2 protein chains.
Amino acid sequence: MASGLLDESLDAVVARINFDEAGLVPAIVQQWDTGRVLMMAWMDEDAFRETFQSRRGTYYSRSRGRQWVKGETSGNTQEVRELHLDCDADTVLVVVDQHGVACHTGALSCFEVEGDPGGR
Amino acid sequence: MASGLLDESLDAVVARINFDEAGLVPAIVQQWDTGRVLMMAWMDEDAFRETFQSRRGTYYSRSRGRQWVKGETSGNTQEVRELHLDCDADTVLVVVDQHGVACHTGALSCFEVEGDPGGR
């Protein structure tokens with residue numbers, strides 16, 4: 001399986017990421033087999049490193065000002081299968097196997113408020 | 001076909017969006033049939049309204065400080081099929097039919113630098 005950035009050196013990857021003024025990069029989280037977009041979150045450098053190394057979806061909460069591991073309280077963790085950067089290296093695509101649901105509302109995806117996107 | 005927010009009143013939808021301090025919201029763009037994540041861009045209120053009304057993917061360039069229509073120069077426009085907000089209404093998911101490629105590098109998706117995500 002091609003794993004995108006996971007096949008490269010972590011330090012080399014981190015050096016390429018264009019973090020914003022706040023030191024953050026948006027992370028789009030997608031279910032590996034269905035293609036469903038599950039959620040959008042933010043990563044600082046530490047959260048990216050933790051995600052890369054632990055293969056658990058790990059993010060940075062802007063409101064709480066700290067790192068969080070998806071599922072740390074709910075148990076709905078994300079097993080990271082691939083990491084990708086976009087062409088200008090300022091957005092991360094995290095391809096995961098979502099255990100349980102991704103949304104705190106109990107929905108599989110955070111984008112299901114008005115029906116399933118693309119029927120996924 | 002369920003079109004998400006497109007089935008609602010534009011003004012009511014806009015009133016629900018939590019734009020950030022800069023008046024922007026991130027927009028994740030996904031191909032409707034394959035589920036491939038094509039790109040990430042930003043929308044201000046005007047770009048969201050334009051996207052909703054014209055059904056053409058329209059964004060706000062932070063570097064150029066102006067609205068742009070995807071494909072206005074390349075011809076690689078995006079026909080918008082669905083719009084969704086996430087659970088806290090601070091991210092838009094734009095489900096499109098991408099004409100031609102989405103990335104200025106000539107790749108179908110901006111996230112293909114290290115191989116196709118999820119094999120999509």
Side-chain angles (χ1 to χ4, degrees), chain A residues 1-8 13 16 20-22 24-42 62-63 81-97 101-107 109-120, chain B residues 1-8 13 16 20-22 24-42 62-63 81-97 101-107 109-120:
Chain A
M1 182 185 72
S3 309
L5 301 170
L6 292 173
D7 297 328
E8 301 183 30
V13 170
R16 280 173 48 210
D20 69 13
E21 322 79 56
L24 301 175
V25 67
I28 300 167
V29 186
Q30 182 180 35
Q31 172 67 19
W32 75 279
D33 51 355
T34 62
R36 186 185 288 235
V37 177
L38 298 172
M39 53 181 267
M40 215 288 284
W42 295 83
R62 295 177 301 171
S63 56
R81 296 174 61 104
E82 302 173 36
L83 286 173
H84 296 268
L85 276 171
D86 70 347
C87 53
D88 46 9
D90 64 1
T91 305
V92 177
L93 179 63
V94 187
V95 179
V96 305
D97 190 15
V101 300
C103 189
H104 72 283
T105 63
S109 159
C110 292
F111 292 93
E112 286 178 25
V113 183
E114 287 84 23
D116 294 353
R120 276 160 221 291
Chain B
M1 183 185 70
S3 308
L5 301 170
L6 293 172
D7 298 327
E8 301 183 30
V13 170
R16 279 173 48 209
D20 69 12
E21 323 77 57
L24 301 175
V25 68
I28 301 167
V29 186
Q30 183 179 35
Q31 172 67 21
W32 75 280
D33 51 356
T34 62
R36 188 185 286 234
V37 176
L38 298 171
M39 53 182 266
M40 215 288 285
W42 295 83
R62 296 177 300 170
S63 55
R81 297 173 59 105
E82 302 173 36
L83 287 173
H84 296 267
L85 277 171
D86 70 347
C87 52
D88 46 8
D90 64 0
T91 305
V92 178
L93 179 63
V94 187
V95 179
V96 305
D97 191 14
V101 301
C103 189
H104 72 284
T105 62
S109 159
C110 291
F111 293 93
E112 287 180 26
V113 182
E114 288 85 21
D116 295 353
R120 277 158 223 289

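Since the model is a prediction, treat every value here as computed from it, not as a measurement. Numbers restart at 1 for each chain; the letters A, B, ... are given by sequence-line order, proteins then strands.
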Checklist entry - Taking the side chain as C-beta and beyond, is there a heavy-atom pair between B:Pro26 and A:Pro26 under 4.5 Å? => result no
Next on the checklist: Give me the atom names and distance for the closest heavy-atom approach of B:Phe111 to A:Leu93.
Outcome noted: CD2-CB, 3.6 Å
Checklist entry - For B:Thr105, is it the side chain, the backbone, both or neither that has a heavy atom under 4.5 Å from a heavy atom of chain A? => result side chain
Checklist outcome for this item: Taken to the nearest 0.5 Å, the spacing of A:Gln30 CD from B:Ile28 CD1 works out to 9.5 Å
Checklist outcome for this item: Output for pair (A:His104 NE2, B:Asp88 CG), nearest 0.5 Å, gives 7.0 Å
